[in-house]
Every structure is written in structure tokens, then in C-alpha cells.
Amino acid sequence: MTATESATAAPHRFDSIPLAPPDAILGLTEAFAADTRSEKMNLSVGVYKDASGVTPILKCVKEAEKQLIESEKTKGYLPINGQPDYRSQVQQLVFGDHVESDRIAMVQAPGGTGALRVAGEFLARQCSPTRVFLPSPTWANHNAIMQSAGAPVESYTYLADDRRSLNFEGMLSDLRDKTRPGDAVLLHACCHNPTGVDPTAEQWQEIARVVSSQGLIPVLDFAYQGFGDGLEADAVGLHTVLDKCAEAIVCSSYSKNFGLYSERVGAIALVASNPAAASASLSQLKVLVRSNYSNPPRHGAAIVATILADEELTRLWKTELDEMRIRITQLREKFVEGMAKQAGAPDFSFLLKQKGMFSYSGLTAMQADELRTKYGVYVVGSGRINVAGMDEDRMDWLCGAVADVLS
């Protein structure tokens with residue numbers, strides 16, 4: 001029997017594999033790309049766009065890349081825990097002087113998603129039995145990441161029944177009543193995805209107190225620093241938690257605030273109660289990385305490190321970051337103003353209190369589907385909209401479309 005005949009006779013194991021459902025967000029992006037209508041708008045995927053509808057490369061990034069091209073001498077592997085100067089700069093950006101450096105175990109990761117996956121595996125392997133409590137609602141991928149990492153997932157109340165505000169008392173009640181010491185609780189440090197609803201500074205104080213008194217491990221997803229109220233203001237919640245909790249995990253991403261979406265730049269930082277625990281934790285984080293992606297990518301991390309090590313480039317970055325944040329705020333305001341002009345449309349002024357790229361619009365899944373099929377406006381079924389994807393030159397058209405499906 002020939003090899004071809006043998007292969008033909010063998011059972012085809014892959015023939016029975018079912019087709020996986022499309023990703024709730026990326027699937028919409030694929031559908032948007034295939035949509036042949038000239039007048040359409042993608043408000044689903046979480047990327048920043050400028051006035052021309054392009055996700056720009058920041059000027060500070062271009063300049064850093066020029067420097068890297070001239071100075072780079074190797075494409076050799078980075079250490080398992082990543083580029084040292086990148087980790088040093090990120091540590092200062094995230095923690096400032098709030099945590100002693102010898103209590104921090106930091107590993108460069110491929111994006112915030114990679115950092116979350118390493119965090120989930122660490123909790124599953126080193127802190128078992130540990131349940132991870134996720135806010136309801138949360139980023140759609142949080143659940144899948146933690147479950148794939150082997151960490152059991154539970155939920156706690158976050159959004160109020162009006163789908164516009166924080167159910168603060170419900171949140172605290174769940175954290176007190178549903179958790180047990182040693183459980184982990186995932187907290188969006190700022191710019192909550194998908195709702196844009198953040199706790200106030202005073203509420204963060206109470207959240208931190210409950211997390212500490214319950215003996216929980218805070219896992220802070222810090223993907224949007226600078227997109228809410230500014231670099232320092234957006235770190236208030238994180239620093240408040242760290243002031244009250246001796247242990248924490250922080251997963252940061254630099255896709256949004258540096259515009260480095262495709263470079264996959266992130267970090268996981270584990271804060272331990274003492275240097276010995278931090279050292280031991282770092283050794284275990286390295287084991288997880290080695291058996292997964294082995295070594296992180298160099299280029300994106302080198303860009304971030306170059307910018308943050310240069311005073312002029314840092315100033316330029318902060319200016320460009322401010323411009324992105326201000327543009328998002330202005331788009332919110334223009335959308336609210338535009339909806340106020342639509343006869344019979346509900347009041348959308350609640351959007352003005354929300355932070356970051358995302359907002360819960362209040363649209364139902366049926367209305368979101370009608371918006372897509374009738375007008376080519378792509379919105380996640382939950383009603384989440386990416387404010388940064390709006391086109392101000394077509395704001396009246398967008399508001400008219402939304403008003404129509406709401407009527």
C-alpha cells in the first residue's frame with residue numbers, strides 16, 4: 001500500500017471538527033470589511049481612529065523607530081522576562097513611588113491579552129484553589145482567557161439596571177458575600193470596557209478596603225492609562241488598591257496609549273508582600289512564559305522604552321496622548337448634541353460621564369442588528385460603541401440612524 005493509499009484509508013480526524021462561532025467583536029470587523037456599501041461606520045472594534053478614519057502612527061513612535069533603526073545591532077532573543085530598560089520604564093509609569101521596586105516581579109508580555117493569560121495561569125498553578133471574579137459585564141475575552149488558563153470564573157455585580165451607571169452597593173455586596181479569602185477579583189483600573197463607567201476616587205477607597213478585608217487578590221487590567229482623565233488621574237484606582245493590599249497583579253497594555261496595536265506590547269507585574277516572595281514569583285512567571293511563547297517580541301517594547309527614556313519624546317508622547325483623549329471627549333459631546341436634535345430620541349447625556357473609548361449606548365441586540373443591516377453601522381450586540389470610531393463629519397447621519405432604530 002502506498003503512502004497516499006494509507007493516508008486515504010486512515011480515519012480523517014479533522015473532518016468531524018465543528019466550525020467555531022465567530023468572535024463577537026472581530027467577527028463584526030470581518031463583516032464590516034466585506035460590506036460593499038460606501039456609507040458605513042465601524043463602532044465595534046476597540047481601536048482609536050483620527051479625523052481621517054485612520055489608526056495613526058504617533059509622531060513620537062516614528063521618531064523612536066528612526067533612532068532604533070540607526071542604533072539597533074541585533075535581532076537576537078530577548079530574555080524570558082523581556083527587555084530590561086522597557087521593564088524599568090513601565091514600572092515607573094505604572095507604579096511611580098507607590099511600591100518598593102524589590103517587591104515587584106515584572107515580565108514583558110505580548111500585549112495586555114498575553115499579560116492576562118500569564119496572570120490566569122499563575123493563579124491557576126500557584127494559588128489554587130482560586131476563583132477569579134469578573135465584573136458583569138466585562139471585556140468579552142476576560143472569561144475565555146481565564147477559563148483557558150485553568151482559572152475558575154465567577155462574576156460580581158458592576159453595572160446598574162439602567163445600564164448607564166455603577167451599581168456600587170451591589171458590587172461591594174457581591175465582593176463581601178460571594179468571595180472567600182484567596183479568591184482573585186479582576187478590576188478595570190480605568191476606562192471600563194465595555195461600559196465606560198468607572199468608580200470615583202472615593203468609591204475606589206471603599207473597593208480597596210473591601211478587597212483587602214476579604215483577603216482577595218486584586219488583578220488590575222490597566223489597558224487604557226491616559227485615555228480617561230490623564231496618566232496620573234487614571235492610576236488613582238490602581239494606587240489606591242496598592243496602598244491597602246500587600247499583593248496584587250497588574251496587567252498593562254500599550255496598544256492604545258502608544259498606538260502600538262500590532263506590535264503587541266504589554267506587561268504583567270506581580271506585587272508581593274516582600275522581596276523573597278517577588279523573586280520566587282518571578283521564577284514561576286518565567287516558567288509559564290518559557291512553556292508558552294518563550295521570549296517576547298523586541299520592537300514594540302524598544303519603541304516604548306526609547307520614548308520614555310527621552311525627555312523630548314516623552315513630552316511629545318504626552319501631547320499626542322492628550323490629543324487622542326480630547327478628541328474622544330469631543331466626539332462624545334458631538335454625539336450627545338446630535339442625538340438631542342433628533343425628534344423623539346432619548347437623552348444621551350449620560351454618555352458624558354463615561355470614560356475612555358467605550359460606552360454602553362443602551363441599544364438592544366435587535367436594535368444593533370437593525371443598525372448594521374439597515375445603515376451599515378456596526379455595533380456590538382451588547383450596545384457597546386467605540387466612541388473613537390465615530391466620524392465627526394458624518395455625525396448627523398449617525399445620529400439619524402441611531403434615532404431611527406430607537407423609534
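FYI, the numbering just counts along the sequence from 1. Owing to the predicted nature of the structure, the values given are computational and were not obtained by experimental measurement.
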**Fill in**
Interatomic distance, CG@D50 vs OG1@T55, rounded to 0.5 Å, equals 7.5 Å

**Request:** Inspect the surroundings of CD in E72 and state if more than 12 heavy atoms from other residues, nucleotides or ligands are less than 6.0 Å away.
**Result:** yes

**Message:** Within the 4.5 Å heavy-atom criterion, are Q67 and L313 side-chain neighbours or not?
**Reply:** yes

**Asked** Are any non-hydrogen side-chain atoms of V132 and D183 less than 4.5 angstrom apart?
**Response** no

**Item:** Heavy atoms from other residues, nucleotides or ligands near CG of L352 exceed 12 (cutoff 6.0 Å)
**Value:** yes

**Prompt:** Do Y254 and Y86 have side chains that get closer than 4.5 Å, going by heavy atoms?
**Reply:** yes

**Message:** Donor-acceptor pair, distance only, cut-off 3.5 Å: does the side chain of R332 make one with the backbone of S349?
**Reply:** no

**Request:** Determine the interplanar angle of the F258 and W317 rings, folded into 0 to 90°, and report it as parallel if under 30°, tilted if 30 to 60°, perpendicular if over 60°.
**Result:** parallel

**Item:** Sidechain-backbone polar pair: E320 side chain, C60 backbone, donor-acceptor under 3.5 Å
**Value:** yes

**Asked** Side-chain donor-acceptor pair under 3.5 Å between S273 and R103, yes or no?
**Response** no

**Request:** Would you please test D391 and W397 for side chain to side chain contact (heavy atoms under 4.5 Å, CB included) and show each step?
**Result:** CA-CA 10 Å; D391 181 349; W397 171 81; over 6 Å; no

**Message:** With a 4.5 Å cut-off on side-chain heavy atoms, are R372 and V377 touching?
**Reply:** no

**Item:** Donor-acceptor pair, side chain of R87 and main chain of N81, under 3.5 angstrom
**Value:** yes

**Pair K341 + D396: basic N to acidic O under 4.0 Å** = no

**Prompt:** So how far is it from E202 CD to T240 OG1, rounded to the nearest 0.5 Å?
**Reply:** 9.5 Å

**Asked** Can you check whether L371 reaches Y378 side chain to side chain, under 4.5 Å on heavy atoms?
**Response** no

**Message:** Consider salt bridge (charged side-chain N to carboxylate O under 4.0 Å, His left out). Of D229, D234, D198, which one does K355 pass it with?
**Reply:** D229

**Asked** Is there a side chain to side chain contact (heavy atoms under 4.5 Å, CB included) between R164 and Y360 once you walk through the steps?
**Response** CA-CA 7 Å; R164 300 177 179 183; Y360 253 23; over 6 Å; no

**Item:** Pi-cation contact, Y375 with K40 (under 6.0 Å, within 45°)
**Value:** no

**Prompt:** Can Q225 and K256 be counted as having a side-chain donor-acceptor contact under 3.5 angstrom?
**Reply:** no

**Message:** Suppose we call two aromatic rings close when their centres sit under 6.0 Å apart. Are Y156 and F133 close by that rule?
**Reply:** no

**Prompt:** Y158 and H192: aromatic ring centres closer than 6.0 Å?
**Reply:** yes

**Asked** Are any non-hydrogen side-chain atoms of T113 and R264 less than 4.5 angstrom apart?
**Response** yes

**Prompt:** Are there more than 12 heavy atoms of other residues, nucleotides or ligands under 6.0 Å from atom CZ of R176?
**Reply:** yes

**Request:** I would like to know whether D404 and K374 meet salt bridge (Lys or Arg N to Asp or Glu O under 4.0 Å); could you show each step before the answer?
**Result:** CA-CA 10 Å; D404 180 51; K374 192 173 181 179; 2.7 Å; yes

**Prompt:** At their closest point, which heavy atom of T306 faces which heavy atom of A64, and how far apart are they?
**Reply:** CG2-CB, 3.9 Å

**Message:** Atom NZ of residue position K244 - does it have more than 12 heavy atoms of other residues, nucleotides or ligands inside 6.0 Å?
**Reply:** yes

**Request:** Find out whether Q89 and V304 are in side-chain contact, i.e. whether some heavy atom of one side chain is under 4.5 Å from a heavy atom of the other.
**Result:** no

**Asked** In this structure, are over 12 heavy atoms from other groups packed under 6.0 Å from R13 atom CZ?
**Response** no

**Request:** Check for a donor-acceptor pair, side chain of N386 on one end and backbone N or O of V47 on the other, with a separation under 3.5 Å.
**Result:** yes

**Pair S165-D162, side-chain donor/acceptor within less than 3.5 Å** = yes

**Request:** Give a yes or no on whether E39 atom CD has more than 12 heavy-atom contacts from other residues, nucleotides or ligands under 6.0 Å away.
**Result:** yes

**Request:** Heavy atoms only: give me the nearest I80-S294 pair and the separation to one decimal.
**Result:** CG1-O, 3.7 Å

**Message:** Test your reading of the model: is there a side-chain donor-acceptor pair from R327 to the backbone of K49, 3.5 Å cut-off?
**Reply:** yes

**Prompt:** Hey, what do you get for CD1 (I145) to CZ (R117), rounding to the nearest 0.5 Å?
**Reply:** 8.5 Å

**Item:** Check against side chain to side chain contact (heavy atoms under 4.5 Å, CB included), V219 and L123
**Value:** CA-CA 10 Å; V219 179; L123 291 170; 4.1 Å; yes

**Item:** Side chain S361, main chain G383, donor-acceptor under 3.5 Å
**Value:** yes

**Asked** Are T157 and N167 linked by a side-chain donor-acceptor pair shorter than 3.5 Å?
**Response** no

**Message:** Let me confirm one number: the CZ-CD distance from F335 to E392, rounded to the nearest 0.5 Å.
**Reply:** 14.0 Å

**Prompt:** Just by modelled atom types, is the A277 backbone N or O under 3.5 Å from a matching donor or acceptor in the S281 side chain?
**Reply:** yes

**Prompt:** Between F227 and R325, is there a cation-pi geometry (under 6.0 Å to ring centre, at most 45° from the normal)?
**Reply:** no

**Prompt:** Taking the side chain from S128 and the backbone from R125, do they hold a donor-acceptor pair closer than 3.5 Å?
**Reply:** no

**Prompt:** Does the side chain of S359 come under 3.5 Å of the side chain of Q354 through a donor N or O and an acceptor N or O?
**Reply:** yes

**Asked** Do NZ/NE/NH1/NH2 and the carboxylate oxygens of E63 and K59 come within less than 4.0 Å?
**Response** no

**Request:** Taking T319 for its side chain and R315 for its backbone only, find out whether a donor-acceptor pair lies under 3.5 Å.
**Result:** yes

**Message:** Nearest 0.5 Å, please: how far is CG in N257 from OH in Y48?
**Reply:** 13.0 Å

**Request:** Quick one: pull up CE in M390 and CG in L331 and give me the separation to the nearest 0.5 Å.
**Result:** 7.0 Å

**Message:** Using every non-hydrogen atom in the two residues, find where I217 and G182 come nearest and quote the distance to one decimal.
**Reply:** CD1-O, 3.8 Å

**Item:** Taking every non-hydrogen atom, the tightest pair across S136 and S155
**Value:** CB-CB, 4.4 Å

**Request:** Carefully, step by step, assess L220 and V241 under the rule side chain to side chain contact (heavy atoms under 4.5 Å, CB included).
**Result:** CA-CA 9 Å; L220 294 121; V241 171; 4.3 Å; yes

**Prompt:** Does T138 use its side chain to pair, donor to acceptor, with the backbone of L134 at less than 3.5 Å?
**Reply:** no

**Closest approach of P137 to L159 (non-hydrogen atoms, all atoms of both residues)** = CD-CB, 3.7 Å

**Message:** Is it the case that the side chains of S173 and D177 hold a donor-acceptor pair, with the cut-off being a distance below 3.5 Å and no angle test?
**Reply:** yes

**Side chain to side chain, Q203 and L166, heavy atoms closer than 4.5 Å** = yes

**Asked** Any ion pair linking R209 and E206 (charged N to carboxylate O, less than 4.0 Å)?
**Response** yes

**Complete:** What one should report as the nearest heavy-atom pair of C251 and A119 is SG-CB, 3.9 Å

**Message:** For the residue pair N193 / R384, report whether a side-chain donor-acceptor contact shorter than 3.5 Å exists.
**Reply:** yes

